[in-house]
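Below: the structure, in structure tokens.
Start at 1 and go down the list; that is how both ligands and their atoms are numbered.
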Amino acid sequence: MADGKVYIFDTTLRDGEQVPGCKLNTKEKIELALALESLGVDIIEAGFPISSPGDFESVNQIARVMKETTVCGLTRAVQKDIEVAAEALKPARRPRIHTGIGTSDYHIKAKFNSTREEIIERAVQAVKWAKNFVDDVEFYAEDAGRTDNDYLARVIEAVIKAGATVVNIPDTTGYCLPHQYGEKIAYLINNVPNIDKAIISCHCHNDLGLATANSISGVLNGARQIECTINGLGERAGNTSLEEVVMILRQHANLGYYTDVNTRQLNPLSRLVSDTMRMPVQANKAIVGSNAFSHSSGIHQDGFLKDSQTYEIIAPEEVGADGSKIVLTARSGRSALAHRFQKIGYQYTRNDIDVLYANFLQIADTKKEVEDTDLHAMAKAYEATAVAN
Ligand code: KIV
Ligand code: ZN
């Protein structure tokens with residue numbers, strides 16, 4: 001099998017930062033960039049340098065401090081954008097310019113009032129211009145998800161010929177189904193004669209909740225870079241979630257793909273991003289949600305306590321989570337109750353638990369979660385009755 005390394009292109013600081021309320025200052029961006037480098041991502045998209053002096057400064061500072069990670073700046077297919085990005089990226093050891101243009105008919109007609117031929121020409125000129133400043137030029141075909149495959153193949157062939165090292169196939173509107181997105185990547189592999197000269201990148205949005213599935217489908221069909229964000233942050237419903245794609249490839253290592261991400265840092269970094277961007281993580285979010293390793297129903301708790309693998313496919317420490325949790329609710333069973341009593345210092349027999357369980361259910365029906373303080377109170381009352389009898 002060909003090398004299965006999948007490059008992780010993190011765009012938390014660019015697409016993620018576009019989320020209303022998530023704006024970061026330079027100091028915050030540097031702190032997150034350092035944490036992302038330590039996580040082991042291959043490329044950090046640090047910002048859109050022409051968009052504001054603050055973003056220029058952030059990209060420039062990040063370019064100074066990154067040791068090994070490629071630092072990328074976004075541009076439109078506009079000379080001035082490219083020159084400003086090149087200037088911001090000057091201190092980077094590994095600079096990349098990410099330039100591109102909309103290729104779907106929606107973009108060509110509504111946004112640019114242009115023609116397919118003219119768009120190819122603008123794409124080629126942008127890549128050629130960027131090549132004057134850096135070797136590593138990534139081209140994005142915005143709204144590739146809704147771009148006719150034949151035309152997309154022509155665009156991609158032309159930009160690779162112009163020097164693009166990476167070709168990004170964004171499903172900008174999160175429109176594609178996984179098999180359609182995978183077929184699009186396969187189509188490019190089979191119909192772009194010079195495709196072996198570039199890496200194909202997936203950049204999927206989550207409007208239909210399919211960003212992760214589409215990115216994985218892209219990889220299964222030949223893409224070797226995934227653009228993603230911590231906690232899946234990004235425009236509208238977000239981008240592909242970094243922690244999800246990394247863990248899918250790890251969990252299914254038999255497929256032959258891998259990333260260089262240190263998975264133990266996933267939960268700490270998720271918390272750091274959530275705190276810094278002031279954007280809470282939903283409790284049931286895969287890998288990093290507070291419920292990702294919680295078990296609350298009696299059937300699950302009983303199985304989990306016998307062997308954690310009955311209900312967990314990932315060990316919490318593998319992704320830096322605090323540990324599995326047995327949550328006591330009205331749906332919990334006796335084994336979970338006995339386990340929790342034991343954890344807080346009470347050794348009860350089966351008969352004791354039978355009596356305590358009836359009491360437990362009465363309390364559990366009145367609240368969402370039974371806490372240790374409730375158990376201590378139950379134990380005190382139970383022991384007092386035992387002494388009295
Ligand atoms: O979603 C998108 O198409 C983008 C491009 C700018 C890469 O974010
Ligand atoms: Zn995007």
How far is [atom] from its nearest protein heavy atom, and which residue and atom name does that atom have?
atom	result
atom 4 (C) of ligand 1	H203 NE2, 3.5 Å
atom 3 (O) of ligand 1	T172 OG1, 2.7 Å
atom 1 (O) of ligand 1	H205 NE2, 3.0 Å

Contacts of T329 that satisfy side-chain contact (heavy atoms from CB on, under 4.5 Å) - sequence neighbours left out: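 Only S296, V327, R331, S332 meet the side-chain contact (heavy atoms from CB on, under 4.5 Å) criterion with T329.
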- prompt: Any luck finding a side-chain donor-acceptor pair between T276 and E28 under 3.5 Å?
  reply: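 Short answer, no.
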message: With the threshold set at under 4.0 angstrom, would you say E227 reaches ligand 1 through any of its heavy atoms?
response: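 The answer is no: ligand 1 sits nowhere under 4.0 Å from a heavy atom of E227.
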- prompt: From the Zn ion (ligand 2), how many protein N/O/S atoms are found at a distance short of 2.8 Å?
  reply: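 Those protein atoms number 3 in total.
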With H98, the ring-ring contact (aromatic ring centres under 6.0 Å, His included) member among F139, Y140, F48: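 Output: one option passes, namely Y140.
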message: Can you check which of H107, H98, R14, Q18 brings a heavy atom nearest to atom 6 (C) of ligand 1?
response: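 Shortest heavy-atom distance from atom 6 (C) of ligand 1: R14.
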Which of the atoms of ligand 1 are close to [X], meaning less than 4.0 Å from one of its heavy atoms?
X	result
N168	7 (C)
E142	3 (O)
D15	8 (O)

message: Using 30° and 60° as the class boundaries, would you call the ring planes of H295 and F304 parallel, tilted or perpendicular?
response: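 Plane angle under 30°, so parallel.
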task: Would you kindly check if the NZ (Lys) or CZ (Arg) of R122 is within the cone defined by 45 degrees around the ring axis of F112 and under 6.0 Å from the six-membered ring centre?
output: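 The answer is yes, since R122 meets both limits relative to F112.
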- prompt: Is the Y346 to H376 ring centre distance short of 6.0 Å?
  reply: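 Distance test on ring centres: under 6.0 Å, yes.
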query: With sequence neighbours left out, what residues match T349 under side-chain hydrogen bond (donor to acceptor under 3.5 Å, both in side chains)?
result: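 Residues passing side-chain hydrogen bond (donor to acceptor under 3.5 Å, both in side chains) with T349: D352.
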query: For residues 191-216, which residue pairs qualify under ring pair (Phe, Tyr, Trp, His ring centres under 6.0 Å), counting only residues two or more places apart or in two chains?
result: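 For residues 191-216, and leaving out neighbouring residues, the ring pair (Phe, Tyr, Trp, His ring centres under 6.0 Å) pairs sorted by first residue read H203-H205.
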query: Within the distance-only criterion (no hydrogens, no angle test), does the side chain of Q301 pair as donor or acceptor with the backbone N or O of S335 below 3.5 angstrom?
result: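 Answer holds: no.
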- prompt: Nearest heavy-atom pair of P91 and R64: which atoms, and what distance?
  reply: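 Distance-wise, the nearest heavy atoms are CB-CG, 3.7 Å.
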